[in-house]
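Note: hydrogens, waters and symmetry copies are ignored here, and every other heavy atom, side chains too, is used.
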Amino acid sequence: MNTRKEEGLQKLGQKVEFSTDYDPSVLETFENLHQDNDYWVQFNCPEFTTLCPITGQPDFAEIKILYIPGERMVESKSLKLYLFSFRNHGDFHEDCVNTIMKDLVKLMDPKYIEVYGLFLPRGGISIYPYANYGRPGTKYEELAWQRMSNHVHT
């Protein structure tokens with residue numbers, strides 16, 4: 001049986017330095033031991049921060065990541081370090097959500113993933129960008145369209 005120590009995870013259990021700017025290289029994966037099952041994994045990051053690329057003012061959000069894993073899964077501490085790396089990075093809310101989703105797709109090749117940003121109001125307006133992806137040519141591609149076309153936030 002595969003043990004997690006054999007997988008070469010570098011961040012877990014180690015004191016690490018936080019990146020001061022966007023850094024997808026900190027992301028790590030491990031083998032999904034239940035590839036024969038479809039199941040959801042959800043991460044909530046209620047303290048996500050980034051900077052407005054125009055004014056440099058901080059933006060605060062809750063980032064929700066839901067995915068159905070394929071062969072690999074994202075290690076949670078590395079995900080925390082990755083999300084923290086946006087802290088001094090200037091990007092629009094929609095760009096943050098799409099970048100996070102695309103980086104995780106590239107990293108893990110999940111069957112399905114969605115990323116949702118609930119950004120707090122600044123200037124009286126809240127922005128809630130949503131992006132998703134289903135593996136092309138599979139039932140997960142159809143799931144992505146269904147969830148996108150029915151996505152509503154109240």
Side-chain angles (χ1 to χ4, degrees), residues 9-12 16 18-35 37-123 125-154:
L9 298 174
Q10 301 296 312
K11 308 291 184 277
L12 190 60
V16 294
F18 289 91
S19 295
T20 58
D21 200 4
Y22 166 72
D23 186 6
S25 73
V26 300
L27 287 166
E28 294 183 338
T29 65
F30 60 93
E31 181 183 3
N32 174 11
L33 298 180
H34 306 282
Q35 296 174 35
N37 291 4
D38 280 348
Y39 61 98
W40 290 101
V41 176
Q42 180 170 337
F43 293 102
N44 294 324
C45 177
E47 299 175 342
F48 180 83
T49 59
T50 191
L51 299 176
C52 173
I54 306 300
T55 66
Q57 293 180 324
D59 289 315
F60 302 92
E62 178 175 359
I63 299 293
K64 295 183 178 200
I65 300 166
L66 291 87
Y67 74 102
I68 300 172
E71 294 179 13
R72 307 294 298 171
M73 300 176 71
V74 66
E75 191 279 315
S76 62
K77 183 173 183 179
S78 76
L79 179 62
K80 187 185 316 181
L81 294 170
Y82 166 74
L83 293 172
F84 185 87
S85 79
F86 282 82
R87 184 178 181 133
N88 294 318
H89 180 71
D91 237 339
F92 290 116
H93 303 152
E94 299 85 353
D95 296 325
C96 289
V97 165
N98 278 281
T99 297
I100 292 166
M101 184 196 70
K102 289 176 181 179
D103 284 346
L104 292 174
V105 167
K106 183 178 177 182
L107 177 77
M108 300 185 291
D109 187 26
K111 295 175 183 176
Y112 174 84
I113 190 168
E114 58 188 52
V115 179
Y116 192 9
L118 297 111
F119 285 82
L120 296 176
R122 200 156 54 77
I125 297 177
S126 299
I127 300 176
Y128 298 153
Y130 171 85
N132 75 0
Y133 161 89
R135 195 179 280 168
T138 69
K139 64 184 178 182
Y140 308 102
E141 184 176 34
E142 183 179 323
L143 174 64
W145 174 246
Q146 289 172 354
R147 288 183 67 95
M148 179 63 77
S149 61
N150 293 310
H151 180 77
V152 197
H153 181 76
T154 54

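- Within 6.0 Å of atom CZ in Arg135, more than 12 heavy atoms from other residues, nucleotides or ligands are found, so the atom counts as buried in its surroundings.
- Counting non-hydrogen atoms of other residues, nucleotides and ligands closer than 6.0 Å to CD of Gln35 gives a total above 12.
- Using a 4.5 Å heavy-atom cutoff, the side chains of Ser126 and Phe119 are not in contact.
- Contact check on Arg147 versus Glu114 returns a salt bridge, with a Lys/Arg side-chain nitrogen under 4.0 Å from an Asp/Glu carboxylate oxygen.
- Taking a 6.0 Å sphere around CD of Glu47, one finds it holds 12 or fewer heavy atoms contributed by other residues, nucleotides or ligands.
- Between Thr29 atom OG1 and Arg72 atom CZ the span is 3.5 Å, to the nearest 0.5 Å.
- The two residues Asn37 and Tyr39 make their nearest non-hydrogen contact at O-CD2, 3.7 Å.
- Across all non-hydrogen atoms, the minimal contact from Asn32 to Gly70 is ND2-O, 2.8 Å.
- To the nearest 0.5 Å, atom CE of residue Met73 and atom CZ of residue Phe30 are 4.5 Å apart.
- Contact detail for Phe48 and Ile63: the closest heavy-atom pair is CG-CG1, 3.4 Å.
- Residues Trp40 and Tyr112 meet the side-chain proximity criterion, which asks for heavy atoms closer than 4.5 Å.
- Within the 4.5 Å cutoff, no side-chain heavy atoms of Asn132 are placed close to those of Leu66.
- The distance from atom CG of Leu83 to atom SG of Cys96, rounded to the nearest 0.5 Å, is 10.0 Å.
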Can you give me every donor-acceptor pair (side chain of residues 99-110, partner residue at least two apart or in another chain, under 3.5 Å) with its distance?
{"from": "Thr99", "atom 1": "OG1", "to": "Asp95", "atom 2": "O", "distance (Å)": "2.8"}
{"from": "Asp103", "atom 1": "OD1", "to": "Tyr22", "atom 2": "OH", "distance (Å)": "3.2"}
{"from": "Asp103", "atom 1": "OD2", "to": "Tyr22", "atom 2": "OH", "distance (Å)": "2.5"}
{"from": "Asp103", "atom 1": "OD2", "to": "Tyr82", "atom 2": "OH", "distance (Å)": "2.6"}

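- A side-chain donor from one of His89 and Asp91 sits under 3.5 Å from a side-chain acceptor of the other.
- Between Asp23 and Phe86, every side-chain heavy-atom pair lies at or beyond the 4.5 Å cut-off.
- Side-chain contact check for Phe43 versus Leu79: some heavy-atom pair is nearer than 4.5 Å.
- To the nearest 0.5 Å, atoms CG (Leu81) and CG (Leu27) are separated by 9.0 Å.
- Judged by distance alone, the side chains of Tyr140 and Asp38 do bring a donor and an acceptor atom under 3.5 Å apart.
- Note that CG of Asn98 is 13.5 Å distant from CZ of Phe92, once rounded to the nearest 0.5 Å.
- For residues 56-67, the side-chain hydrogen bond (donor to acceptor under 3.5 Å, both in side chains) pairs, not counting sequence neighbours, are Gln57-Arg122, Asp59-His93, Asp59-Arg122.
- Surrounding CD of Glu71 are at most 12 heavy atoms belonging to other residues, nucleotides or ligands under 6.0 Å away.
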